[in-house]
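Since the structure comes first, as structure tokens, the remarks are kept for the end.
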Amino acid sequence: MDTKYIFVTGGVVSSLGKGIISASIGKLLQARGYKVTIQKFDPYINIDPGTLNPYEHGECYVTEDGFETDLDLGHYERFTGIHTTRNNSITTGRIYKTVIDRERHGDYLGKTIQVVPHITDEIKRRMLREGLDEGLDFVITEVGGTIGDIESAPFMEAIRQLRWQLGRDAVCVHLTYVPYLKAAQELKTKPTQHSVKELQGMGIQPDILVLRTERHLDDHLRMKVASFCNVDLECVVQSEDMPSIYEVPVSMQQQGLDAAIMRKIGIPVGETPAMKPWRDFLDKQRNAMREVHVALVGKYDLQDAYKSIRESLNLAGIYNDVKMRLHFINSEEVTRENIAQQLSGMAGVVICPGFGTRGIEGKILAAEYTRTHDIPTFGICLGMQMMVIEFARNVLGYKDANSSEMDTQTPHNVIDMMEEQKTITQMGGTMRLGAYECELLKGSRVYEAYGEETLIKERHRHRYEFNNAYQEEYEQHGMKCVGINPAANLVEIVEIPEKRWYIGTQFHPEYSSTVLHPHPLFMSFVEKLKIEN
């Protein structure tokens, strides 16, 4: 069949969970046997979120082909298992840069460049994924922001045009919020009505409404929304608060969201898929009773800043039949005097990634404490580098050891900038990004964790690396370099075999963990915590 297009927009307020709904739709269509991709269009003018502070936009997710993207792509991959690329993440900045570059090249033959049609045409081209031979049945496009934002207007105009051009091959799903007024003890649909009215004013009639709510909506309220918004009753679905985001696809399926989409497009609905592996996963999640406490040592006191790490730990916990209780510890507040209290009761510690000098000494103290007290520890990217620096200071005896990122004058730069990075002047999109091969040392703990594979591929996001000039000295004193990039001889993984579980990775394993296929390193880490605590 011809490719079908689903546009997901949001109204009333932001942070309603458009990414979760988009990922859920993708999962439900996959369960029906369709080939699906999901893409995110963000209205901000940055080329990508790579240079944004996590407080601004949460975690920066990285695709296999080395593109820095919005964290919603992490939801897409965890739910569906698809591998997104740079074509799945588009910003206003990328759209404008493409159009301006073409204008400078003379491609528009002297025409005046305008938002309509030039910007909207480029948006449409990317929404349709023109030039990509993918054989997709469905393309789901989530548009960031909220209806009425100035920034999102060109995207809405592009959707309006595509709805007319594609006819029944396109469906618009609009997510809104239904607030509860405690004083009146009433759920209010007026914000939804106004949001739909604003969308209609842009020339877009939503086909399906997903009502985000903290309380159950009865049929009378749904009928009211359907009547005022010109939407079929069966196409008014509620997204009620769930114990877990992974319950959402099943809730959407029970309410017939996927069936409503197919009817709107004109595809026979057929039988409802059983989704047995997904439901088995949810059963394991509900039945997990034993708690395991893990500390996340980092500097960003924001849940979304370490979203993929949190989800990877939770997924590994579910498959190990335990509930993960994650405790954020601000590394800026860690001192030698309070480190024991900060980590009291923790079965394991994750030393989180990041950039810059703020909070690194706290991470180094955490690495020292967990190493000397044999607490299972997982260091990721900068976290791994802090483990390496701590070892140099306290085992190798180089008290002034550091990373050249933090101290350009350090005489013992055990972490140093990669050679190819030294001539780079621009920050955005210039790090070592994307999937690279790593050869594992046979007999190591990571070799066992990966099922005795010798060659793996993982995603990176960094400029600085383990300084190979010190490798022999580290190996002699007990920290083994057990993962090496075969092409560049870069150290990717370190571990201390004599410890219960003390491993650092230069790459980001959290980007590759999905609901049905949790990452082997997180599985190994949590299994160790479960067995020994």
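For clarity, every value in this text was computed on a predicted model and none was experimentally measured.
For NZ of K190, the number of neighbouring non-hydrogen atoms (other residues, nucleotides, ligands) closer than 6.0 Å is 12 at most. Environment of CG in L181: crowded, with over 12 heavy atoms of neighbouring residues, nucleotides or ligands closer than 6.0 Å. Within 6.0 Å of the CD atom in Q114, the count of heavy atoms belonging to other residues, nucleotides or ligands exceeds 12.
Side-chain contact, E247 with S251: no donor N or O sits under 3.5 Å from an acceptor N or O. Side-chain atoms of S244 and Q285 include a donor-acceptor pair closer than 3.5 Å. Y436 and E492 form no side-chain donor-acceptor contact under 3.5 Å, judged by distance and modelled atom types alone. In summary, the side chains of E134 and T37 do not present any donor paired with an acceptor at a separation below 3.5 Å, with no hydrogens or angles considered. Using a 3.5 Å distance cut-off with no hydrogens or angles, the side chains of Q39 and R129 do pair a donor with an acceptor. Looking at Q238 and T213, their side chains never bring a donor and an acceptor atom within 3.5 Å of each other. H105 and D107 share a donor-acceptor pair across their side chains, judged by distance under 3.5 Å alone.
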Less than 3.5 Å apart, which donor and acceptor atoms pair up between the side chains of residues 1-11 and the rest of the protein, not counting sequence neighbours?
residue, atom, partner, partner atom, Å
T3, OG1, L136, O, 2.8
K4, NZ, D169, OD1, 2.6
T9, OG1, H174, ND1, 2.7

For residues 196-210, please give each side-chain donor-acceptor pair under 3.5 Å, one per line with the distance, not counting sequence neighbours.
residue, atom, partner, partner atom, Å
Q200, NE2, Q205, OE1, 2.7
Q205, NE2, C229, O, 3.0
Q205, NE2, N230, O, 3.3
D207, OD1, R163, NH2, 3.4
D207, OD2, R163, NH2, 3.1
D207, OD2, C172, N, 2.8

N/O donor-acceptor pairs under 3.5 Å from side chains in residues 12-29, not counting sequence neighbours:
residue, atom, partner, partner atom, Å
K18, NZ, G145, O, 3.2
S22, OG, K18, O, 2.8
S24, OG, I20, O, 2.7

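Using a 4.0 Å cut-off between charged nitrogen and carboxylate oxygen, E510 and R461 do not count as a salt-bridge pair. By the 4.0 Å N-to-carboxylate-O rule, R279 lies too far from D283 to be salt-bridged with it. Ion pairing of R125 with D121 is absent here, as no side-chain N (NZ or NE/NH1/NH2) approaches a carboxylate O to less than 4.0 Å. Between E186 and K224, no side-chain nitrogen of the basic residue sits less than 4.0 Å from a carboxylate oxygen of the acidic one, so the salt-bridge criterion is not met.
Between the side chain of N88 and the backbone N or O of I38, at least one donor-acceptor pair lies under 3.5 Å. At least one donor-acceptor pair under 3.5 Å links the side chain of T92 to the backbone N or O of P43.
Counting all heavy atoms, side chain and backbone alike, L521 lies closest to A449 at CD2-CB, 4.0 Å.
Residues passing the ring pair (Phe, Tyr, Trp, His ring centres under 6.0 Å) test with F378, sequence neighbours excluded: W501, F522, F525. For D232, the salt bridge (charged side-chain N to carboxylate O under 4.0 Å, His left out) partners two or more places apart in sequence, or in a different chain, are K264. Looking at residues two or more places apart in sequence or on another chain, you find no side chain to side chain donor-acceptor pair (under 3.5 Å) involving R94. Listed by chain and number, the residues in a salt bridge (charged side-chain N to carboxylate O under 4.0 Å, His left out) with E291 are R325 (sequence neighbours excluded). Considering only residues two or more places apart in sequence or on other chains, Y180 meets the ring pair (Phe, Tyr, Trp, His ring centres under 6.0 Å) condition with none of them. Considering only residues two or more places apart in sequence or on other chains, R215 meets the salt bridge (charged side-chain N to carboxylate O under 4.0 Å, His left out) condition with none of them. Scanning for salt bridge (charged side-chain N to carboxylate O under 4.0 Å, His left out) contacts around R78 gives an empty result, with sequence neighbours left out.
The shortest side-chain heavy-atom distance between H508 and I380 falls under the 4.5 Å cut-off. Here the side chains of I503 and S524 are not in contact, with every heavy-atom distance at 4.5 Å or above. E214 is listed as a side-chain neighbour of Y177, based on a closest heavy-atom distance under 4.5 Å. Put simply, the side chain of L217 reaches to within 4.5 Å of the side chain of V178, judged on heavy atoms. For the pair Q30 and P273, the minimum side-chain heavy-atom distance is 4.5 Å or more. M324 is listed as a side-chain neighbour of V526, based on a closest heavy-atom distance under 4.5 Å.
Listed by first then second residue, pairs satisfying ring pair (Phe, Tyr, Trp, His ring centres under 6.0 Å) with a partner in residues 232-282 read F79-Y246, F79-W278, Y246-F281, F281-Y319, not counting sequence neighbours. For residues 122-154, every residue pair satisfying the ring pair (Phe, Tyr, Trp, His ring centres under 6.0 Å) rule, not counting sequence neighbours, is listed here: Y34-F138.
Remark: of the listed residues T69, D70, D42, I45, D42 is the sole one forming a side-chain contact (heavy atoms from CB on, under 4.5 Å) with T91.
Going from atom OG of S89 over to atom CG of L71 covers 10.5 Å, rounded to the nearest 0.5 Å.
The distance between the ring centers of Y450 and H519 falls below 6.0 angstrom.
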> Do R102 and H118 pass the side-chain contact (heavy atoms from CB on, under 4.5 Å) test, and can you show the C-alpha distance, the side-chain angles, and the key distance before you say yes or no?
Replying inline: CA-CA 10 Å; R102 287 180 183 162; H118 300 98; over 6 Å; no

